[in-house]
Amino acid sequence: MRALRPGTYQVVPGEYYGTPKEVWGFLAPARAGRPELIAFEFLTANRDLLGIETRLGGLRFTRSIESLGARHVILQQLHEGLRVHRAYVTVHMDLRGRVYLAKNRAVPGVHLPPRTGFRLGESECVTRARRRLPRPGRRATVLDTEAMWYPYRDRLEPTWKVRIARTRPREEWIVYVNARTGGVLSKVDNLAAVRGRARIFDPSPVTTLGDHRDLVTPSGRPRAAPDAAYRSVRLARLIGNGRLDGTLVSTRATAGRTRILRRDHDFRARAGERGFLEAMAYYHVDAALRYLQELGYTETRAIFGEPLEVDVTGTRLDNSWYSPWERRLTFGTGYIDDAEDGETIVHELGHAIQDAICPDFGQSAEAAAMGEGFGDYLAASFFADRKPPAYRVCVMTWDGLLLGLDEGLDPPCLRRLDSGLTYRSFDEDGDEHENGVIWSATLWEIHEGLGRTLADTLILESHFQQDGFTSFARGARAILDADRNLYRNRHRTLLRGIFERRQIGPV
């Protein structure tokens with residue numbers, strides 16, 4: 001394989017090392033063979049451009065993922081036998097072996113320090129990590145530690161990564177402690193969360209009844225949903241053990257969960273009765289994952305390799321989240337049980353999907369906003385054909401009913417997907433849910449232009465070349481790449497028009 005010629009590609013420059021962070025805008029000749037071998041050939045031929053080692057000895061092959069229209073090879077940089085945090089190289093190629101994108105977070109050799117910098121041991125760094133948590137006196141459990149290198153500006157710092165969990169309230173933190181100075185380099189809340197309140201069936205009493213007025217008391221409190229708000233459904237893919245355990249989803253993480261001894265596995269219950277929350281979560285997660293299979297993500301392209309765990313009563317707080325560490329969806333029971341909300345369930349599933357395709361998704365302000373926007377989009381798209389037209393651009397209409405009424409929204413809801421906001425409205429220090437409205441509205445515009453199946457396929461496929469620190473502009477480019485790989489640029493004009501109107505790249 002030959003090196004790329006100047007003028008045939010575009011570069012996103014790195015901030016500190018003088019090497020490209022991304023190389024794109026090219027299409028290398030087709031190559032036959034295993035994706036990882038094609039990737040190593042490409043990197044070897046372009047090592048000078050990327051500023052990586054001549055023999056690639058510092059790169060360890062991690063995995064190769066095949067999506068519908070492309071293959072994605074991921075390599076991790078090691079130094080002195082330890083992982084360099086976020087220092088990965090990814091090579092993306094279509095199904096003909098034509099490389100079209102390379103991402104480079106590897107640290108050049110001149111910036112690699114000796115291992116003698118580890119002055120503080122694991123125990124001392126764990127103690128310092130505990131002290132830096134909110135409410136440091138509360139009990140915490142160390143889940144995992146790892147000695148590693150942490151890129152800090154233009155140098156690598158010897159570091160201990162400490163993963164800590166606490167309950168009451170439920171917290172999970174990753175703390176990076178400098179093993180040279182003892183200072184904390186970074187502290188990350190590891191729970192992808194949304195504050196939601198809902199009693200939703202398929203998808204909600206509001207949308208099923210087509211009105212909200214009979215669901216609120218004169219004092220402004222939610223009423224119990226009437227019989228007309230319920231829908232009888234079949235629970236598919238149960239393994240037959242009397243519990244809600246299936247091939248795609250399991251409620252095994254739920255304390256005191258329901259067991260049915262009868263052979264018919266009849267889990268029918270009303271809201272507020274035992275088993276209803278589990279049935280809600282099982283049905284909606286299973287249905288959404290089956291939909292991904294219908295889009296083509298089956299067998300070797302499966303996004304989840306094992307059943308996704310769900311805890312429907314994991315916290316008394318009015319909050320729900322997905323934990324990348326536990327690989328678990330957790331729903332709160334504060335105010336209104338969140339697992340009664342089908343759209344909250346699918347929103348949180350969106351975080352799980354992103355983490356399964358792209359681990360550590362959402363580590364920057366833009367990526368976090370894209371995570372929330374994607375979750376809202378997924379919920380809206382998945383339930384669109386089951387909602388009256390006036391509600392299709394609304395998500396969590398029961399969850400956000402009282403808030404929406406207070407704000408005078410019609411129909412009342414938690415968030416909408418038809419905002420006219422552009423990237424100029426993005427606030428680096430703002431709430432990720434508010435910033436996420438920009439991205440969800442962009443995705444919904446694609447949905448309106450292409451239809452559900454095409455839009456969902458392109459948007460899902462684009463995640464396979466994303467990273468934890470992605471941006472709106474790179475997300476737009478990934479969607480365009482997905483359109484090229486799957487549909488030969490058939491929708492490029494429409495997509496570029498949407499991104500230009502929203503003032504989003506692609507770059």
Side-chain angles (χ1 to χ4, degrees), residues 194 196-216 222-234 271 276 279-281 283-292 294-295 320 336-350 353 372-405 407-419 433 436-437 439-457 459-460:
V194 59
R197 304 178 297 275
R199 287 179 179 172
I200 296 180
F201 303 95
D202 192 27
S204 83
V206 176
T207 55
T208 300
L209 300 176
D211 196 355
H212 65 272
R213 287 170 292 185
D214 291 338
L215 296 168
V216 182
R223 296 178 188 266
D227 289 342
Y230 291 85
R231 176 189 169 204
S232 296
V233 297
R234 294 288 245 174
F276 181 75
M280 279 288 296
Y283 176 77
H284 286 301
V285 172
D286 179 78
L289 294 182
R290 277 191 291 117
Y291 174 60
L292 299 189
E294 293 170 5
L295 293 181
S320 297
I336 294 174
D337 295 342
D338 283 0
E340 290 186 356
D341 176 349
E343 289 185 309
T344 294
I345 291 168
V346 174
H347 173 102
E348 295 303 330
L349 177 62
I353 290 169
E372 299 301 335
F374 172 71
D376 282 357
Y377 169 80
L378 185 66
S381 178
F382 184 69
F383 289 112
D385 61 356
R386 276 166 271 177
K387 298 195 291 187
Y391 290 91
R392 286 175 185 161
V393 296
C394 303
V395 288
M396 293 169 269
T397 50
W398 182 249
D399 173 15
L401 177 61
L402 301 183
L403 177 62
L405 288 173
E407 296 184 355
L409 300 179
D410 185 22
C413 59
L414 188 63
R415 285 187 293 275
R416 297 178 64 99
L417 283 81
D418 58 350
S419 166
H433 301 89
V437 169
W439 188 244
S440 65
T442 302
L443 300 184
W444 188 253
E445 195 171 348
I446 296 173
H447 181 283
E448 293 294 272
L450 298 181
R452 176 191 180 190
T453 300
L454 269 176
D456 289 354
T457 301
I459 292 164
L460 191 64

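Quick caveat, the model's predicted, so the values are computed rather than measured.
Here the closest non-hydrogen pair linking Ala384 and Trp444 is CB-CH2, 4.3 Å. Minimum interatomic distance between Leu417 and Ala380 (heavy atoms only, all atoms of both residues): CD2-CB, 3.7 Å. In plain terms, the two heavy atoms of Ala228 and Thr208 that are nearest each other are O-CG2, 3.5 Å. A pairwise comparison of heavy atoms in Asp341 and Met396 identifies OD2-CG, 3.3 Å as the closest pair.
Considering only residues two or more places apart in sequence or on other chains, Thr457 meets the side chain to side chain contact (heavy atoms under 4.5 Å, CB included) condition with Leu68, Leu295, Thr453, Leu486, Tyr487. For the side chain to side chain donor-acceptor pair (under 3.5 Å) test, residues two or more places apart in sequence or in another chain that qualify with Asp211 are Arg213. Looking at residues two or more places apart in sequence or on another chain, you find a side chain to side chain contact (heavy atoms under 4.5 Å, CB included) between Cys413 and Cys394, Thr397, Arg416. For Asp227, the salt bridge (Lys or Arg N to Asp or Glu O under 4.0 Å) partners at least two apart in sequence or on another chain are Arg270. With sequence neighbours excluded, the residues that form a side chain to side chain contact (heavy atoms under 4.5 Å, CB included) with Leu215 are Pro205, Val206, Leu209, Pro226, Trp398. Among residues two or more places apart in sequence or in another chain, the salt bridge (Lys or Arg N to Asp or Glu O under 4.0 Å) test is passed with Arg392 by none. Residues meeting the ring-ring contact (aromatic ring centres under 6.0 Å, His included) test with Tyr391, sequence neighbours left out: none. Remark: Asp385 engages no residue in a side chain to side chain donor-acceptor pair (under 3.5 Å) (not counting sequence neighbours).
Here the CG atom belonging to Asp376 is positioned 7.5 Å from the CG atom belonging to Leu414, to the nearest 0.5 angstrom. Atom-to-atom distance recorded for Ser381:OG and Leu443:CG is 9.5 Å, nearest 0.5 angstrom. Atoms OG and CZ, from Ser204 and Arg386 in turn, are 11.5 Å apart once rounded to the nearest 0.5 Å. Once rounded to the nearest 0.5 Å, the distance linking CD of Glu343 with CZ of Phe382 reads 10.5 Å.
Of the N and O atoms on the side chains of Ser320 and Asp338, at least one donor lies less than 3.5 Å from an acceptor on the other residue.
In this structure the side chain of Ile353 reaches within 4.5 angstrom of the side chain of Leu460, judged on heavy atoms. Side-chain atoms of His347 and Leu378, non-hydrogen and from C-beta on, never get closer than 4.5 Å to each other. Considering only heavy atoms from C-beta on, Val437 comes within 4.5 Å of Arg415 through its side chain.
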Return a table of donor-acceptor pairs under 3.5 angstrom between the side chains of residues 285-292 and protein atoms on other chains or two or more places apart.
| unit_1 | atom_1 | unit_2 | atom_2 | d |
| --- | --- | --- | --- | --- |
| Asp286 | OD1 | Arg237 | NE | 3.2 |
| Asp286 | OD2 | Arg237 | NH2 | 3.1 |
| Asp286 | OD2 | Arg290 | NE | 3.0 |
| Tyr291 | OH | Arg452 | NE | 3.2 |
| Tyr291 | OH | Asp456 | OD2 | 2.6 |

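For the side chain to side chain contact (heavy atoms under 4.5 Å, CB included) with His284, the lone residue among Ile345, Val233, Thr344 that qualifies is Ile345.
Taking the six-membered ring for Trp and the full ring otherwise, the centers of Tyr283 and Phe201 sit at least 6.0 Å from each other.
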Walk me through it: do Val395 and Tyr377 pass the test side-chain contact (heavy atoms from CB on, under 4.5 Å)? CA-CA 9 Å; Val395 288; Tyr377 169 80; over 6 Å; no

